[in-house]
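Structure first, commentary second.
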Amino acid sequence: MRDSPRQVNARLARSLRNHGVLHTLRAARRHLSIFVSRQLDRHFDASFGTDTRGVVENAALSDVTSPNLARGIRYEPTRALPFRRALRAVGVPSGGAFVDLGCGKGRALMLAVLCGFEHVTGVDYSEALCTVAERNLDQFRERTRRTFTWDIRAMDAAEYAFSDGDTVVYLFNPFDAVVLSAVLSRLRQSLERHPRTVWIVYHNPVWRPTLDNDGAFEHVGTHSSGGCVFAVYRSR
């Protein structure tokens, strides 16, 4: 339920009285950013004829047989404006291949294409969600007429073998530190086999200490937008 104008004015007056003008202006700007990004997301699926909205909890994924099911978090669509701002602010290049581990319905893969990536890979241990992602990407390509290639893998992210062309790895807090450690181990193996610069974009970085303590990746920046936080790392 939305607040009435009277409630908004009362909250504004209370903030000015308790915290001052500068704090109130910053808070207002933050709330406006969240409001705008959420409004844009309401139109994402309508614009592209896709189905990416909604949260899918692990308990609803009856098709998953992976032993890491309990270590997964849930599917939640990435918000478009914060995602694009984060990649631009930190300078993540779009010249290579984009990999979304825990891709769900594929929203982030489509956003990556809009940011200039020509090949995207989605990995999810739910075959049902992968089927939705494939359908969404087909519809997205037809609606946008963009030229890109994609690959959807119905598998556990801990078992994904990175290809030599994978340069950006995206994580929307899809799993816990145990699976994240396994992912980083496989990524290090890929870098040893084919040295290159790989970026990790970690949205809602709950298990960030796992990356900070890894040693193979350096933190290059954290970007906050629309209530979303992205911690960005780069291979050393």
Side-chain angles (χ1 to χ4, degrees), residues 58 64 66-76 78-79 82-104 106-109 111-112 115 117 119-126 129 151-225 227-236:
N58 270 10
V64 177
S66 167
N68 286 322
L69 175 61
R71 299 188 179 281
I73 309 302
R74 63 180 184 177
Y75 166 74
E76 182 177 353
T78 295
R79 301 236 305 276
F83 175 88
R84 299 180 74 168
R85 284 178 172 172
L87 266 61
R88 182 170 61 249
V90 186
V92 177
S94 60
F98 178 95
V99 181
D100 181 7
L101 299 180
C103 68
R107 167 83 70 88
L109 299 175
L111 293 176
C115 288
F117 288 90
H119 181 76
V120 294
T121 298
V123 179
D124 201 289
Y125 55 18
S126 169
L129 287 178
D151 183 19
I152 300 295
R153 309 279 187 90
M155 63 182 298
D156 195 313
E159 299 176 357
Y160 176 70
F162 291 91
S163 73
D164 294 346
D166 293 341
T167 56
V168 177
V169 179
Y170 180 68
L171 308 165
F172 187 176
N173 187 31
F175 33 67
D176 68 8
V178 173
V179 178
L180 179 57
S181 294
V183 166
L184 294 178
S185 176
R186 284 188 173 272
L187 186 52
R188 287 195 305 272
Q189 293 171 15
S190 174
L191 289 169
E192 291 172 0
R193 183 179 65 250
H194 183 75
R196 63 195 186 281
T197 299
V198 171
W199 297 72
I200 299 176
V201 180
Y202 192 4
H203 182 191
N204 189 19
V206 173
W207 308 102
R208 179 175 168 177
T210 303
L211 262 167
D212 291 333
N213 297 329
D214 183 87
F217 306 92
E218 61 176 338
H219 177 240
V220 296
T222 297
H223 181 74
S224 298
S225 176
C228 301
V229 178
F230 301 81
V232 182
Y233 293 79
R234 182 175 54 204
S235 56
R236 295 183 185 277

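Residue numbers run from 1 in the order of the sequence given.
- Screening residues 208-220 for salt bridge (charged side-chain N to carboxylate O under 4.0 Å, His left out) gives R188-D214, R208-D212, E218-R234 as the qualifying pairs, with residues at least two apart or on separate chains.
- Judged by distance alone, the side chains of T78 and Y170 do bring a donor and an acceptor atom under 3.5 Å apart.
- To the nearest 0.5 angstrom, D124 atom CG is 5.0 Å from L129 atom CG.
- Shortest non-hydrogen contact noted between G102 and P174 is CA-CB, 4.1 Å.
- A distance of 12.0 Å separates CZ of R107 from CG of D100, quoted to the nearest 0.5 Å.
- Scanning for side chain to side chain contact (heavy atoms under 4.5 Å, CB included) contacts around D176 gives R71, V178, V179, W207, with sequence neighbours left out.
- Distance CZ/R88 to OG/S225: 9.0 Å, rounded to 0.5 Å.
- Scanning for ring-ring contact (aromatic ring centres under 6.0 Å, His included) contacts around F217 gives an empty result, with sequence neighbours left out.
- Judged by distance alone, the side chain of R186 and the main-chain N or O of A158 form a donor-acceptor pair under 3.5 Å.
- When atom types are taken as modelled, the side chain of R153 and the backbone of D151 share no donor-acceptor pair closer than 3.5 angstrom.
- Shown here for C103 and L109, the closest heavy-atom pair between the two residues is CB-CD1, 4.3 Å.
- Taking the side chain to side chain contact (heavy atoms under 4.5 Å, CB included) definition, one finds that R74 meets it with V55, E57, E76, sequence neighbours left out.
- The heavy-atom pair separating C115 from F83 by the smallest distance is SG-CE2, 4.0 Å.
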Go through the steps for L101 and F175 under the test side-chain contact (heavy atoms from CB on, under 4.5 Å), then give the verdict. CA-CA 9 Å; L101 299 180; F175 33 67; 4.2 Å; yes
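- In this structure, the side chains of V168 and L87 stay at 4.5 Å or more apart for every pair of heavy atoms.
- In this structure, the side chain of R196 engages the main chain of D166 through a donor-acceptor pair within 3.5 Å.
- In terms of heavy atoms, T197 sits closest to S235 at CA-OG, 3.4 Å.
- Considering every non-hydrogen atom in both G96 and T167, the closest pair reads CA-OG1, 3.2 Å.
- Take L69 and apply the side chain to side chain contact (heavy atoms under 4.5 Å, CB included) test, not counting sequence neighbours, and it matches N58, V64, Y125.
- Put simply, CG on L184 and CD1 on I200 are 5.5 Å apart, with the number rounded to the nearest 0.5 Å.
- S181 places a side-chain N or O within 3.5 Å of a backbone atom of A177 that can act as its donor or acceptor partner.
- The two residues A157 and V183 make their nearest non-hydrogen contact at O-CG2, 3.7 Å.
- Between the CG atom of L211 and the OH atom of Y202 there is a distance of 7.0 Å, given to the nearest 0.5 Å.
- Screening W199, F162, F98, Y160 for a side-chain contact (heavy atoms from CB on, under 4.5 Å) involving V169 leaves a single residue, F162.
- Rounded to the nearest 0.5 Å, atoms NE2 (H203) and NE2 (H223) are 10.5 Å apart.
- Partners of R193 by side chain to side chain contact (heavy atoms under 4.5 Å, CB included), not counting sequence neighbours, listed by chain and number: D164, S190.
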